[in-house]
Every structure is written in C-alpha cells, then in structure tokens.
Amino acid sequence: MSSTDFTVAGQSVLVTGGRGGIGSAIANAFVSAGARVVAVDVSPVPESPRVGIEDVVADVREPSSILKAASKFGSLDTIVQCAGRAAPGEEFDPAVFREIVDIHLVGSFNVAVTLKPLMAESGGSIINVGSMYSYFGSPLVPGYGAAKAGIVQLTKTLALAWAGDGIRVNAVAPGWIRTELTRLVEEDPTLNAAITSRLPSGNFSEPEDIAGTVLYLASGASRLVTGVTIPVDGGYSAS
Ligand SMILES: NC(=O)c1ccc[n+]([C@@H]2O[C@H](COP(=O)([O-])OP(=O)(O)OC[C@H]3O[C@@H](n4cnc5c(N)ncnc54)[C@H](O)[C@@H]3O)[C@@H](O)[C@H]2O)c1
C-alpha cells in the first residue's frame, strides 16, 4: 500500500452499529468505494436488502455473535465501531451508567480483541468512534462521556500493542451529526442554540460527513497514522 493510495476497493469491512445514522453512511461509502461490508447491529435487519451490505443482528456486548457475523468473510481488513446509545438524564443510575460503558467502551475493546485473529494476516485498520465528549464534560451523560474519553486511551493502547501485527488503530470524534442519537438535542431549542452557537458552520452536519475520514483511515494513504483520534467536528473543538 502506498502512502498516496486512497483506495479501499476489495476490502472486507465490518461496521458495528451499521444500521444507525453514522454507521449506515459509512457502510454505504465503503460499498460505493468497492468494499464488501457486513453491518452488525441490535436493530432488525431491513426488509429490503441493502445493496452491497450483508446485514446481521448482533450485539457488541456479545462478541461471539460479532465473530459469527465476521466469519462470513475469510479475513477482515477494516473494523469500524459505530454501535452506541446515550441515555441523557438516566446515566446517574449506576446500572444505566454500566450499560452505556459496556456498549461503547467494553464493547469496542471486546469486538477488537475478538476479531483481531481475523485481521492478523492482512494487518488492517480498526477505527473507533469517540465524541466531543471524549474531550468535554456533559452534565447529562456521565456514562457516555466516560466511555468516549476511554475510547481515546483505548485507541492509543491498542495501536501500540498491535503495531507489531501490522494493525493500525485510530478513532474519529464526530461533532454534532444529525441522527437518532442527537434528534432530541437538536429539537430542544435551548440545547440546539447552545451547540450551534459554538459551531463555525452554525449547523448540525450529516452522517455522510464522517465517512471520508473513516475511509482515509482504512486506506494505505494513512499507513503512518495510528493511535490518534481525529475530530471531525466542523471546528467545534477549536472554539
Ligand atoms: N450523532 C452524533 O452527533 C455523534 C457524535 C459523536 C459520536 N457519535 C457516535 O457515533 C456512533 C453512531 O451514532 P449515531 O449518531 O449514528 O447513532 P444512531 O442511534 O443512529 O446509531 C447507533 C446504532 O448503534 C446500534 N446499537 C446500539 N447498541 C448496540 C449494541 N449493543 N450492539 C450493536 N449495535 C448497537 C443502534 O441500534 C443504532 O443502529 C455512536 O458511537 C455515537 O456515540 C455520534
């Protein structure tokens, strides 16, 4: 792979949370670029098959179900970890806090460790998903914020641990993207104003805006990039 090779054509890619807003956009972008995609998600498989995407029901808290889904490919080139949910206002309940951390942080770790043997031969790229709450506090989502901060550190640690296997581990930290996860925040006039007043674009962005950076991190063009979390946030974290 050359450092000017931006192609992901021919790759086998597994996307967790692959039927959500950002996961779907990333899955579609990989398919458009010539990759094969397995999308795993706890939500039901769509009635009409999605072109180029194999949809499977699996839970990142049960990595054996993810391994079964991944086994549809002989080996994996790229894993993108988009599974997640937040529970604003409920995460001070220790059980909910634990559930949220389980999905985002423990889930990302377990999926990476479970699927690593499938990646060992081809090397490959793991792309985790952080958040602006990897960096900034939020009074409403202590579990989500703790998990997303942990993902930055997990990304560094796995990158160091697996560099010798030729596996790169990076993350993207999306800004404010229009999906089901942010729908209530966007619809709340007070929260919306607090967020958009800090956004240089002045607007929430679309899930497709995250895909280009993810494809770059999966391509040879990023072959020297590992252990980093790239904000894809329209300048939110710069302000
Ligand atoms: N939307 C944003 O502005 C934003 C910002 C920063 C980070 N993120 C992160 O991006 C990722 C995708 O979020 P989104 O905005 O597309 O939300 P979304 O709700 O549209 O998608 C999340 C998907 O994850 C799936 N999921 C939930 N729990 C799961 C589990 N245990 N196993 C497998 N799948 C599971 C859901 O069914 C859903 O399809 C999440 O990690 C989220 O924290 C989103």
Side-chain angles (χ1 to χ4, degrees), residues 14-29 38-46 50 53 55-70 79-88 91 96 98-112 114-115 127-136 138 140-141 143-152 154-155 171-187 191-192 195-196 198-199 201 203-211 213-214 229-234 236-237:
L14 182 136
V15 182
T16 74
R19 286 189 283 288
I22 293 174
S24 289
I26 290 170
N28 287 331
V38 169
V40 296
D41 201 298
V42 287
S43 70
V45 168
R50 299 192 288 175
I53 301 173
D55 273 295
V56 178
V57 175
D59 189 323
V60 295
R61 289 166 296 177
E62 295 161 14
S64 58
S65 70
I66 305 286
L67 180 61
K68 194 171 162 204
I79 300 167
V80 189
Q81 307 231 50
C82 296
R85 83 175 194 90
E91 295 182 17
V96 180
R98 180 183 291 271
E99 182 200 336
I100 299 296
V101 173
D102 259 357
I103 294 171
H104 289 274
L105 183 58
V106 183
S108 295
F109 173 74
N110 282 344
V111 167
T114 303
L115 298 185
I127 298 143
N128 298 322
V129 176
S131 160
M132 288 301 100
Y133 293 149
S134 296
Y135 313 112
F136 307 118
S138 164
L140 292 177
V141 286
Y144 185 86
K148 290 302 194 185
I151 281 173
V152 173
L154 177 67
T155 298
V172 291
W176 292 94
I177 311 299
R178 192 167 285 123
T179 70
E180 188 55 32
L181 187 86
T182 53
R183 186 173 55 78
L184 294 178
V185 174
E186 191 178 9
E187 286 172 2
L191 293 174
N192 188 315
I195 290 162
T196 52
R198 186 175 162 178
L199 270 169
S201 66
N203 288 306
F204 279 57
S205 300
E206 300 302 327
E208 290 72 20
D209 293 320
I210 304 300
T213 306
V214 171
T229 298
I230 302 178
V232 188
D233 65 351
Y236 184 87
S237 57

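First listed ligand is number 1; within each ligand, the first listed atom is number 1. Along the sequence shown, residues carry numbers from 1.
- With a heavy-atom cut-off of 4.0 Å, Asp59 touches ligand 1 through backbone and side chain alike.
- Between the side chains of Asn128 and Thr155, a donor-acceptor pair is found at a separation under 3.5 Å.
- Between Pro174 and the choices Asp233, Thr213, Val129, Val232, the side chain to side chain contact (heavy atoms under 4.5 Å, CB included) rule is met once, by Val129.
- Taking each of Tyr144, Tyr133, Trp176, Tyr236 in turn, the one with a heavy atom nearest to atom 43 (O) of ligand 1 proves to be Tyr144.
- Among Ile100, Val185, Ile22, Ile151, the residue whose heavy atom lies closest to atom 4 (C) of ligand 1 is Ile22.
- Near Thr182, with a cut-off below 4.0 Å to any heavy atom, the atoms of ligand 1 are 1 (N), 2 (C), 3 (O).
- Between Ile100 and Gly143, the closest heavy-atom pair is CG2-C, 3.8 Å.
- Counting all heavy atoms, side chain and backbone alike, Ala58 lies closest to Val40 at CB-CB, 4.1 Å.
- In terms of heavy atoms, Pro231 sits closest to Ser237 at CB-OG, 3.9 Å.
- Not a single heavy atom of Arg85 lies less than 4.0 angstrom from ligand 1.
- Looking at ligand 1, you won't find any N or O of Gly130 less than 3.5 Å from one of its N or O atoms.
- Between atom 13 (O) of ligand 1 and the options Cys82, Ser108, Gly175, Ala147, the minimum heavy-atom separation is to Cys82.
- Within the 4.0 Å heavy-atom cutoff, His104 counts among the residues contacting ligand 1.
- Within the listing of ligand 1, atoms 22 (C), 24 (O), 26 (N), 27 (C) sit less than 4.0 angstrom from a heavy atom of Gly84.
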Practice task
Before giving the answer on side-chain contact (heavy atoms from CB on, under 4.5 Å), spell out for Ser134 and Ile151 the whole-Å C-alpha distance, their side-chain angles and the decisive distance to 0.1 Å.
Solution key: CA-CA 8 Å; Ser134 296; Ile151 281 173; 5.6 Å; no
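- In this comparison of Val57, Ile66, Val42, the heavy atom closest to atom 34 (N) of ligand 1 sits on Val42.
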